[in-house]
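Take a look at the structure below.
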Number of protein chains: 2
Amino acid sequence: MLKQSPVFERKAPSSYHHGNLQEALLNAGLELLERRGCAELALREVAREVGVSPAAVYRHYTSKEALLTAMAIEGFKRLTAVQIEPVSNAVVTPVRFADMGRAYVRFAVRNPALFRLMFSDQIDSSRDAALMFAIEPLTANIEDAVARLAGPRFSSAMRRKAALRAWSLVHGLSMLLIDGQLRIAHSEVDRMIEAVVDPNHALAI
Amino acid sequence: MLKQSPVFERKAPSSYHHGNLQEALLNAGLELLERRGCAELALREVAREVGVSPAAVYRHYTSKEALLTAMAIEGFKRLTAVQIEPVSNAVVTPVRFADMGRAYVRFAVRNPALFRLMFSDQIDSSRDAALMFAIEPLTANIEDAVARLAGPRFSSAMRRKAALRAWSLVHGLSMLLIDGQLRIAHSEVDRMIEAVVDPNHALAI
DNA sequence: TCATTGATGCGTACATTGTTCACATGTTCC
DNA sequence: GGAACATGTGAACAATGTACGCATCAATGA
């Protein structure tokens with residue numbers, strides 16, 4: 001019998017074993033997350049989506065929180081990827097540094113529920129080593145970019161401060177945007193990101 | 001018979017009616033929120049805390065979301081109060097403007113669960129008029145302070161941009177701090193707030 | 001004074017959720 | 001082919017949000 005391809009999330013009706021349930025649950029969870037929102041995501045519904053009993057989930061994740069954690073880890077991987085892209089294999093200029101921030105905000109706006117989950121209290125970053133490991137590059141990339149942009153004239157304390165300012169700015173803008181606090185049209189979101197995340201203040205100290 | 005004072009949250013054992021259940025539920029909810037966290041707050045537990053049946057809650061709030069919304073509104077009132085304090089009855093200086101931001105972040109750090117609820121997707125600000133009304137001063141205060149600080153040399157577009165930058169910065173720092181993303185000791189939180197929210201960049205445009 | 005009425009609380013019930021446990025079904029390897 | 005193991009199922013449990021009809025109380029007005 002042919003091995004089931006991972007792209008099919010639903011098992012064939014007659015097959016008892018799924019084939020790649022762990023990954024299927026993760027993908028179904030990520031998809032359902034954006035449809036239902038962060039608060040209404042039900043473990044049972046994820047199982048239903050994949051076509052499997054609720055208890056089967058526990059063979060691959062020890063709890064609902066564990067599944068959410070895996071989803072958040074995937075989110076951090078994706079965010080890290082889009083974040084670092086503007087400065088990979090390139091000199092860090094103020095414009096490219098701002099591009100990093102804009103990519104961060106765009107990721108949040110395009111994946112609001114996932115972004116919210118990643119920074120929610122439903123997952124405990126100090127508890128799960130893999131999660132902590134996935135978060136770490138996010139900070140490291142910012143600090144590294146600051147270092148490459150500022151050069152040796154910045155002390156390590158100045159770098160950390162500039163990085164934290166930059167992170168706070170883009171993170172706050174992301175949150176306010178996906179909360180709908182800023183009453184702006186969808187079409188204006190990009191312009192607002194351009195305006196707020198500005199190369200002129202890249203290294204404000 | 002004496003009317004029950006609102007300060008007593010639990011009804012006297014023999015009395016059928018509570019006296020001020022609406023406010024008691026709100027207070028109990030706010031207290032439980034910080035103990036249990038934003039995700040684990042149960043309507044039934046709030047009712048238990050007040051000494052009343054779960055169904056009684058529905059005489060005063062149409063749903064759990066309605067209670068959470070009321071709690072969030074109270075949160076916005078308190079946040080607005082501490083936020084505006086540094087510039088009420090005083091000329092707006094860069095230092096006082098920064099103090100506004102610091103008060104914002106301190107509120108978040110001292111009431112992490114409430115702050116998270118206020119900006120969560122569990123309440124829909126575009127749905128509830130009272131909630132929208134409670135949020136509005138938060139933005140207005142920042143923009144007003146920017147206007148008083150910058151004077152007439154700032155266009156209205158520049159004011160909005162500066163206000164949004166300032167809000168994003170303090171909001172992002174607040175979120176990162178209560179998420180525990182910044183691995184810093186409790187004792188260093190205040191120093192970090194001082195460093196990041198800095199009068200020198202009050203009006204960065 | 002006392003029945004009426006509206007507001008407010010209760011008990012019960014239901015569907016849904018996260019989780020557990022014993023059991024069923026495949027797969028792998030000797 | 002059978003033993004050992006991984007992986008899925010079904011039934012069950014407690015807890016949750018919510019709806020319903022009924023109980024209790026306070027105020028009102030004849």
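Letters go in sequence order (proteins before strands), and every chain restarts at 1. Just so you know, these numbers come straight off a predicted model, no measurement behind them. Just the heavy atoms: all of them, side chains too, but no hydrogens, waters or symmetry mates, feed the values below.
Checked against D/dT16, D/dT9, C/dT19, the side chain of A/Ala56 finds its nearest nucleotide in D/dT9. Side-chain proximity of B/Ala55 to D/dT18, D/dT9, C/dG11: nearest is C/dG11. When distances are taken from the side chain of B/Leu21 to each of D/dA12, C/dC21, C/dG9, the shortest belongs to C/dG9.
In this structure, B/Asn20 places its CG atom 10 Å from P of C/dT8, rounding to the nearest Å. One interatomic measurement links the two molecules: CD of A/Gln122 to P of C/dG18, which rounds to 11 Å at whole-angstrom precision. Look at CG on B/Leu41: it is 12 Å from C1' on D/dG17, rounded to the nearest Å. Per the geometry, CG belonging to A/Leu43 stands 13 Å off C1' belonging to C/dT20, to the nearest Å. B/Arg44 has its CZ atom 14 Å from the P atom of D/dA14, to the nearest Å.
B/Arg159 contributes atom CZ, which lies 14.5 Å from atom CG of B/Leu164 (distance to the nearest 0.5 angstrom).
Side chain of B/Asn111 to main chain of B/Phe107: a donor-acceptor pair is present (N/O by atom type, distance under 3.5 Å, no hydrogens or angles). One N or O on the side chain of B/Arg148 and one on the backbone of B/Val87 form a donor-acceptor pair closer than 3.5 Å. Between the side chain of B/Tyr104 and the backbone N or O of B/Thr80 there is no donor-acceptor pair closer than 3.5 Å.
Taking every heavy atom of both residues into account, A/Ala113 and A/Leu33 meet most closely at CB-O, 3.5 Å.
With salt bridges taken as basic N to acidic carboxylate O contacts below 4.0 Å, none links A/Glu136 and B/Arg183.
Considering only side-chain N and O atoms, A/Arg48 lies under 4.0 angstrom from the phosphate OP1 or OP2 of C/dT17.
A heavy-atom distance below 4.0 Å to DNA chain C is reached by these residues of residues 57-72 of chain B, ordered by number: B/Arg59, B/His60.
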